[in-house]
Amino acid sequence: MNASRFTNFQSLGIGIGLRVPHYDHILSERPTVDWFEIISENYLVDGGRPLEVLEQIMAQYQVVQHGVGLYPGSAQGLNWDHLRKLKALVRRTKTPWISDHLCWGSVDGTFSHDLLPLPYTREAAAKCAENLRIAQDFLEVPFAVENVSSYAEFKDSTMTEWEFLTEVVELADCGILLDVNNIYVSSVNHGFDPLDYVNHVPHERVAQMHIAGHSRYERFIIDTHDHPVIDPVWKLYARAIELCGPTATLLEWDDKIPPFAEVHGEALKAKRYWKHAVAHHQTEVAHVG
Amino acid sequence: MSAESKNLLSLQRNFMSAIREPVFGDSRELTALPPRDGEVTAGFCALAENEIVSTPNLEARERLELYHRQYWFRLLDSIDEDFPALKRLLGKENFWRLIEAYLELVPSRSFTLRHLGSGLADFLRVNPGLAGGYPVHAAELARLEYALCETFEQPKRPAIAPEKIAETRLALQPHLRLFAFHTPVDEIWRLDDEVAIPVELLAPPAGEAKFHVAIFRHAARQIIRRIEAKEFSLLQAIAATGSLAAAFDASDATPEEVSAWFQSWTGFGWLCERERSGKIEIIESASNQKLVNIPLHHNS
């Protein structure tokens with residue numbers, strides 16, 4: 001399993017997202033799970049039931065923080081109140097790294113609660129990188145930025161999404177949370193080859209991967225996280241693991257959530273690709289060496 | 001801010017304005033894109049056509065409309081989860097009209113959707129025409145249901161041991177909310193979805209608030225509990241003075257009453273040591289709100 005400065009030199013296996021419908025099962029049955037990913041914003045509170053549950057989970061499991069509200073693509077910069085709350089949670093959870101999305105979502109204090117798209121321009125990349133550097137320095141843990149599913153591309157864009165992601169992470173010197181389902185969703189919505197994306201991102205920076213299901217309509221795909229992972233996404237994941245080596249992987253299932261065992265079973269399918277990937281990756285590394 | 005950042009900011013402001021344009025009620029059932037004529041503004045169309053790429057599978061306006069609908073459906077679904085009893089009281093059509101009007105005027109200013117309904121009770125008080133004929137019931141029910149959201153995430157401090165109460169400066173638990181309602185909204189909240197609300201519970205309120213309710217968290221559950229008026233006053237006094245003795249001196253409750261209440265307070269751990277002042281919220285009057293009334297928006 002990959003350990004690098006982007007994972008705080010920690011190796012994690014297959015995790016699942018910690019979700020409310022599974023709280024009772026996890027706390028009573030204590031299933032064996034490599035790690036849980038928590039949505040940071042669900043725990044940015046002074047106390048209450050969320051933190052009570054989190055404390056019990058942390059007593060037995062490794063948790064990794066994943067955010068949906070930092071909005072590093074915001075032209076107005078980061079929200080310092082949000083950053084301070086995140087830092088308090090980082091200290092509480094001892095998350096090895098922290099992640100959030102390469103997007104924006106609020107402006108002038110109004111929140112969309114969505115992961116909104118950015119133009120793929122040098123200027124936007126520079127702004128994102130500036131914000132990510134600030135976040136990473138302030139939070140004092142490695143930051144991994146996630147590619148989002150998108151439904152719109154801007155005419156001003158001067159590069160592909162994977163070129164944009166690469167530019168941002170290299171300028172910010174941060175890691176990548178590579179969401180292979182999001183790559184697939186965007187590839188259908190915008191008409192590119194998802195393998196081009198997976199092949200061209202800087203693999204050494206990939207700290208974590210996401211897999212998920214989605215909803216397919218006649219002319220587009222919506223990233224709903226309410227289905228099992230489809231075969232084309234597994235194939236894309238297999239290629240990503242070949243290129244990046246076995247990487248901490250997380251199954252997202254956020255709507256129509258089935259019983260815990262079903263979600264965990266779906267996540268563990270990722271292991272099928274690891275054995276082959278280890279051999280392939282070692283061969284690749286030997287060639288490079 | 002550089003010229004490039006200003007361009008990015010301008011794009012983000014325009015995009016936010018577009019997705020915040022009113023949603024049309026039946027679009028919840030629509031899968032067809034793009035938005036129909038008259039459903040979006042010229043600004044929406046200009047943003048799509050000037051900034052967003054069209055492809056053979058989706059036109060620019062359809063792409064922007066996907067974000068527009070996702071914005072609204074996410075917020076509407078969230079409020080729907082937080083205010084089920086209010087929806088039952090108003091009926092679906094009135095409820096969605098209220099929520100759409102509310103979100104148009106009061107967009108989310110918090111990083112979390114949990115706070116989305118924080119202004120709904122106040123909004124109802126200054127917009128009684130959106131309350132489906134039950135303005136006081138609706139505002140109070142909105143307050144009760146939002147208190148459940150607040151209680152969920154408020155801290156629980158160590159409860160004071162009974163023998164230490166006399167020597168401790170007291171506060172109420174941060175997760176405890178106390179209300180003096182004019183309507184029996186706690187009873188309405190308890191009704192099953194399938195049960196019609198009895199007419200006696202919907203009687204127009206008269207006179208002073210007479211339904212006193214405590215909302216709190218206990219043993220990982222949120223509880224709504226009716227309390228007596230004198231018990232409510234005594235708890236208010238404890239919150240204000242920090243002293244059980246001082247509060248008792250100012251109360252006309254009998255020692256027997258206080259003894260019984262005290263037993264339940266300690267059982268639920270309502271009393272804790274004062275660090276910051278215990279939070280107490282009371283609905284007594286709707287007349288001093290400062291929100292501006294707005295014209296009704298009919299999108300459905």
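So you know, we letter chains A, B, ... as the sequences are listed, proteins then strands, and number each from 1. Computed from a predicted model, the values in this text were never measured in an experiment.
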Look at B:P107, B:P56, B:S110 and state which one has the largest set of heavy-atom pairs under 4.5 Å with chain A. B:S110
How about [atom1] on [X], more than 12 heavy atoms from neighbouring residues, nucleotides or ligands closer than 6.0 Å, or not?
X     : atom1 : answer
A:R30 : CZ    : yes
A:D24 : CG    : no
A:R91 : CZ    : no

Between [atom1] of [X] and [atom2] of [Y], what distance do you get to the nearest 0.5 Å?
X      : Y      : atom1 : atom2 : answer
A:L44  : B:E153 : CG    : CD    : 10.0 Å
B:L58  : A:E153 : CG    : CD    : 11.5 Å
A:F154 : B:L47  : CZ    : CG    : 7.0 Å
B:Q154 : A:L51  : CD    : CG    : 11.0 Å

What part of [X] is in contact with chain B, defined as an atom under 4.5 angstrom from a non-hydrogen atom: side chain, backbone, both or neither?
X      : answer
A:N42  : both
A:S150 : both
A:H82  : side chain
A:I222 : side chain
A:V68  : neither
A:E52  : side chain
A:L115 : backbone

Please flag which part of [X] lies under 4.5 Å from any non-hydrogen atom of chain A: side chain, backbone, both or neither.
X     : value
B:L64 : neither
B:R13 : both
B:I19 : side chain
B:R74 : side chain

Can a donor-acceptor pair be found, under 3.5 Å and without considering hydrogens, that links the side chain of [X] to the backbone of [Y]?
X      : Y      : answer
A:R219 : B:N57  : yes
B:Q70  : A:D114 : no
A:R49  : B:Q222 : no
B:Y67  : A:L116 : no

Work out which heavy atom in [X] is nearest to a heavy atom in [Y]; give both atom names and the distance.
X      : Y      : result
A:W104 : B:Q12  : CH2-O, 3.1 Å
A:F111 : B:M16  : C-CE, 4.3 Å
B:L9   : A:Q76  : CD1-CG, 3.4 Å
B:Y71  : A:S112 : CD1-O, 3.5 Å
A:G73  : B:L8   : O-CD2, 4.0 Å
A:V45  : B:R114 : CG1-NH2, 3.1 Å

Hey, does [Y] have a side-chain heavy atom less than 4.5 Å from the side chain of [X]?
X      : Y      : result
A:T110 : B:R20  : yes
B:N50  : A:K155 : no
A:K85  : B:F111 : yes

Relative to chain B, which of [options] shows the most heavy atom pairs under 4.5 Å?
options                       : value
A:N189, A:D81, A:D156         : A:N189
A:G77, A:P117, A:A126, A:A124 : A:P117
A:G69, A:S74, A:G191          : A:S74

